[in-house]
2 protein chains.
Amino acid sequence: MGRRARAAAADLAVRTRAEKDATLHAMADALEASSAGIIERNAADVERARQNGTSEAIVDRLRLDDARIAGMAGGLRQVAGLPDPVGEVLRGYTLPNGLQVTQRRVPMGVVGIIYEARPNVTADAAGLALKSGNAVLLKGSSSAAASNEAVVDVLAAAVASAGLPRDAVQLVPGGHDEAKQLMRARGLVDVLIPRGGAGLIRSVVEESTVPVIETGVGNCHVYVDADADLEKALAIVLNAKVQRPSVCNAAETLLVHSAVAGEFLPAALGALRAEGVTVHGDDRVRAYDDAVVPATDDDWAAEYLSLDLAAAVVDSLDDAVAHIRRWGSGHTEAIVTRSLPASQRFAATTDSAAVMVNASTRFTDGEQFGFGAEIGISTQKLHARGPMGLPELTTTTYVVTGDGHVRG
Amino acid sequence: MGRRARAAAADLAVRTRAEKDATLHAMADALEASSAGIIERNAADVERARQNGTSEAIVDRLRLDDARIAGMAGGLRQVAGLPDPVGEVLRGYTLPNGLQVTQRRVPMGVVGIIYEARPNVTADAAGLALKSGNAVLLKGSSSAAASNEAVVDVLAAAVASAGLPRDAVQLVPGGHDEAKQLMRARGLVDVLIPRGGAGLIRSVVEESTVPVIETGVGNCHVYVDADADLEKALAIVLNAKVQRPSVCNAAETLLVHSAVAGEFLPAALGALRAEGVTVHGDDRVRAYDDAVVPATDDDWAAEYLSLDLAAAVVDSLDDAVAHIRRWGSGHTEAIVTRSLPASQRFAATTDSAAVMVNASTRFTDGEQFGFGAEIGISTQKLHARGPMGLPELTTTTYVVTGDGHVRG
């Protein structure tokens with residue numbers, strides 16, 4: 001499959017935007033036209049998940065219906081509307097000896113995606129890979145095997161019918177052994193992007209010899225500075241924690257400067273409790289509210305993904321930053337302050353993919369950033385950091401043009 | 001050491017260009033002032049290498065003298081003269097909701113370098129890391145242990161005397177076990193750059209859980225097209241092969257279009273022989289010259305790094321590209337042609353870090369590209385591809401500024 005993907009990638013690399021966009025529309029149309037068949041095959045996965053005692057929340061994420069398939073099709077059409085990153089000239093200059101140097105965006109080649117349950121990722125990842133000129137090897141979870149197969153069958157046939165190589169979109173069958181083969185396919189796979197929980201991402205990073213872009217683990221902090229507008233601080237804390245607690249850009253820890261803790265915390269703890277949030281606090285936080293449970297080191301490290309929030313009082317911005325550098329995952333940290341120097345120092349020292357100044361952590365998102373589509377949020381520093389759009393699925397090449405130049 | 005490097009990195013990240021440049025000058029001055037002591041400690045490595053029967057070529061690479069130490073100091077002063085990549089704003093825009101997004105270059109944090117024999121790499125890597133705001137963990141080969149220790153002692157003391165953290169430059173002692181610890185130091189080391197032979201690079205890639213940038217393996221091709229200016233082609237082939245055969249951007253394989261093979265090869269094979277080159281050819285090449293030895297698959301795959309050259313006749317540009325895609329290492333490929341479409345197709349389909357059109361492969365080099373300094377040449381597609389200068393030692397962060405923005 002890797003070799004077939006490489007061959008497809010060589011073909012895709014020289015296709016025009018018009019060809020790729022027409023293919024994306026064909027893929028979208030085919031999904032909608034095949035909706036009934038896909039839903040039928042999805043029903044087998046749903047049935048099996050129920051028999052295995054899977055929670056209804058997970059079963060719901062697995063389920064496909066007409067609306068969700070229309071959503072997948074809409075996503076593909078949206079990607080067709082985005083600019084093509086391939087061919088963009090990033091740098092260009094002429095050297096003293098007359099050599100003309102240009103650095104251009106080109107596709108990665110073969111992109112591998114390892115992901116959990118939701119079958120809509122199958123269509124999203126296939127569309128983003130194709131638009132950026134890459135062949136994709138998709139390794140979904142076995143719990144969604146029938147659904148993913150149904151979707152990929154439809155997409156690959158649509159790709160072929162549009163005149164592009166069918167092997168541009170392939171589903172890797174099997175379980176962990178096959179996933180491991182994908183992780184070891186150096187020379188065939190150019191980059192691997194795991195999408196899922198912390199466990200999945202850690203195992204891909206540990207086992208892979210193919211370069212990996214880590215995504216998504218978010219232990220995000222909100223720091224309420226001594227100079228904060230406390231009304232805005234409360235709105236930001238509540239939004240960051242409760243608007244959608246199950247995602248990586250939700251806040252997991254609240255840090256409050258001691259100068260404003262007495263004014264801020266009683267109201268904030270009450271408002272959080274009213275929203276159903278359990279606060280895990282240090283002794284200084286607990287002094288304000290009996291309902292706060294004691295925090296341990298596990299709480300500072302936790303990506304709860306639930307209506308839980310760790311909270312501590314700190315004596316300075318630097319103490320807040322030290323806490324974040326020690327316990328954070330490098331995803332997103334927010335500061336609420338009216339002080340320009342405080343906002344500058346926080347941004348320069350937290351060492352995370354994104355820093356929000358007087359804004360909710362929930363804004364770290366490709367859609368919110370205006371990328372139009374997102375393949376994931378990188379929490380590593382190599383290649384891409386933060387929300388990744390189409391350009392992050394490309395690499396570059398130097399083209400140097402001379403007139404018989406040799407080196408002296 | 002990793003934890004100390006992280007602490008140093010946090011300090012370095014907020015230093016100004018003026019502070020870093022003053023430190024680089026202090027490092028250069030200290031190297032020259034300590035020349036005698038460094039040479040004395042280097043003599044122990046040289047003596048040991050001789051006793052171990054090391055070849056004189058390797059011993060020579062190991063040896064330090066006043067001129068070489070002055071060269072290292074000169075390199076540090078040159079880096080001080082380069083622009084600081086940290087703080088560069090790569091993108092910036094305001095979203096419809098008023099949020100101001102900027103993407104800025106920031107240091108990686110802690111950079112690990114694993115390298116072979118030459119002790120001058122110690123100073124080069126330390127200077128580039130410091131200028132880009134990174135702490136560096138240097139793991140040199142045990143054969144240069146005393147020399148590297150001497151150089152790092154001087155550099156770290158100079159860093160401290162200039163008021164920057166001494167732990168910004170640290171030498172990892174020991175052998176393979178310690179190198180392996182470096183490769184497994186996830187969370188402490190942000191990126192690992194191996195510099196050396198193919199064996200070293202492969203072992204780092206296989207064993208490392210820290211993100212790696214692969215460097216330097218070059219199986220570079222020169223393709224002489226049907227439309228080539230044959231005089232320029234000959235000059236380029238000779239330059240690419242013989243000007244410095246031991247380096248990664250030297251040519252290892254010559255591919256000649258059959259339409260010009262009869263005119264080009266007899267003269268080219270004679271000229272290569274006159275330069276002492278052994279040509280390993282396919283049957284069609286051997287038909288032109290009895291001195292050509294038969295090529296096997298090993299020759300197509302070889303990075304000779306010597307006066308050897310594999311050679312084949314191909315019937316089309318696409319056949320040349322297919323050969324390169326099968327056997328190449330993705331470093332640099334050259335095409336010699338007067339045809340614009342041929343040059344375009346070659347550049348679009350070879351899938352290498354650099355394509356030279358009517359120029360020698362020897363130009364793929366940070367110095368030649370005008371970068372001022374080079375930490376290595378990346379042959380992978382993630383993060384950096386081709387010669388890497390200071391910007392490639394940085395990552396980015398998004399700073400998003402609002403006025404109490406929450407997500408709806």
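Chain letters run A, B, ... following the sequence lines, proteins first and then strands; every chain starts at 1. Keep in mind that the numbers below use all heavy atoms, side chains included, and drop hydrogens, waters and symmetry copies.
Applying the side-chain hydrogen bond (donor to acceptor under 3.5 Å, both in side chains) rule to pairs touching residues 320-332 of chain B yields B/Thr332-B/Thr364, sequence neighbours excluded. Under the side-chain hydrogen bond (donor to acceptor under 3.5 Å, both in side chains) criterion, the residue pairs touching residues 338-347 of chain B are B/Asp318-B/Arg345, with sequence neighbours excluded.
Contacts between A/Leu99 and chain B at a heavy-atom distance below 4.5 Å involve the side chain alone, from C-beta outward. With a threshold of 4.5 angstrom between heavy atoms, B/Val212 approaches chain A through N, CA, C or O but not through any side-chain atom. The part of A/Asn249 that comes within reach of chain B is its side chain, from C-beta onward, which places non-hydrogen atoms under 4.5 angstrom from that chain. In this structure, the portions of B/Ile236 lying under 4.5 Å from any heavy atom of chain A include both its backbone and its side chain. Using a 4.5 Å cut-off between heavy atoms, A/Arg91 touches chain B through its side chain atoms alone. With a 4.5 angstrom heavy-atom cutoff, A/Glu207 does not touch chain B via any of its atoms. Contact of A/Gln243 with chain B is made through the side chain alone, with heavy-atom distances under 4.5 Å. Proximity to chain A is absent for every atom of B/Gln100, based on heavy atoms less than 4.5 angstrom apart. Only the side chain of A/Asp365 comes within less than 4.5 Å of a heavy atom in chain B; its backbone stays farther off.
The stretch residues 351-363 of chain A places A/Asp351, A/Ser352, A/Ala353, A/Ala354, A/Val355, A/Met356, A/Val357, A/Asn358, A/Ala359, A/Ser360, A/Arg362, A/Phe363 near chain B, each with some heavy atom under 4.5 Å from a heavy atom of that chain. Of residues 393-408 of chain A, those residues lying under 4.5 Å from chain B by any heavy-atom pair are A/Thr395, A/Thr396, A/Thr397, A/Tyr398, A/Val399, A/Val400, A/Thr401, A/Gly402, A/Asp403, A/Gly404, A/His405, A/Val406, A/Arg407, A/Gly408.
Once rounded to the nearest 0.5 Å, the distance linking CZ of B/Phe369 with CG of A/Leu95 reads 8.0 Å. Taking CD from A/Glu214 and CZ from B/Arg186, the interatomic distance works out to 4.0 Å, rounded to the nearest 0.5 Å.
Ranked by heavy-atom pairs shorter than 4.5 Å toward chain B, the options A/Asn239, A/Asp229, A/Val191 are led by A/Asn239. Here A/His383 is the residue among A/Glu206, A/His383, A/Glu392 with the most heavy-atom pairs under 4.5 Å with chain B.
The backbone N or O of A/Asp190 sits nowhere less than 3.5 Å from a side-chain atom of B/Lys381 that would complete a donor-acceptor pair.
The environment of B/Arg244 atom CZ is sparse: at most 12 non-hydrogen atoms of other residues, nucleotides or ligands sit within 6.0 angstrom. Heavy atoms from other residues, nucleotides or ligands lying under 6.0 Å from CD of A/Glu231 number 12 at most.
Nearest heavy atom pair, residue B/Val205 against residue A/Thr209, reads CG1-O, 4.1 Å.
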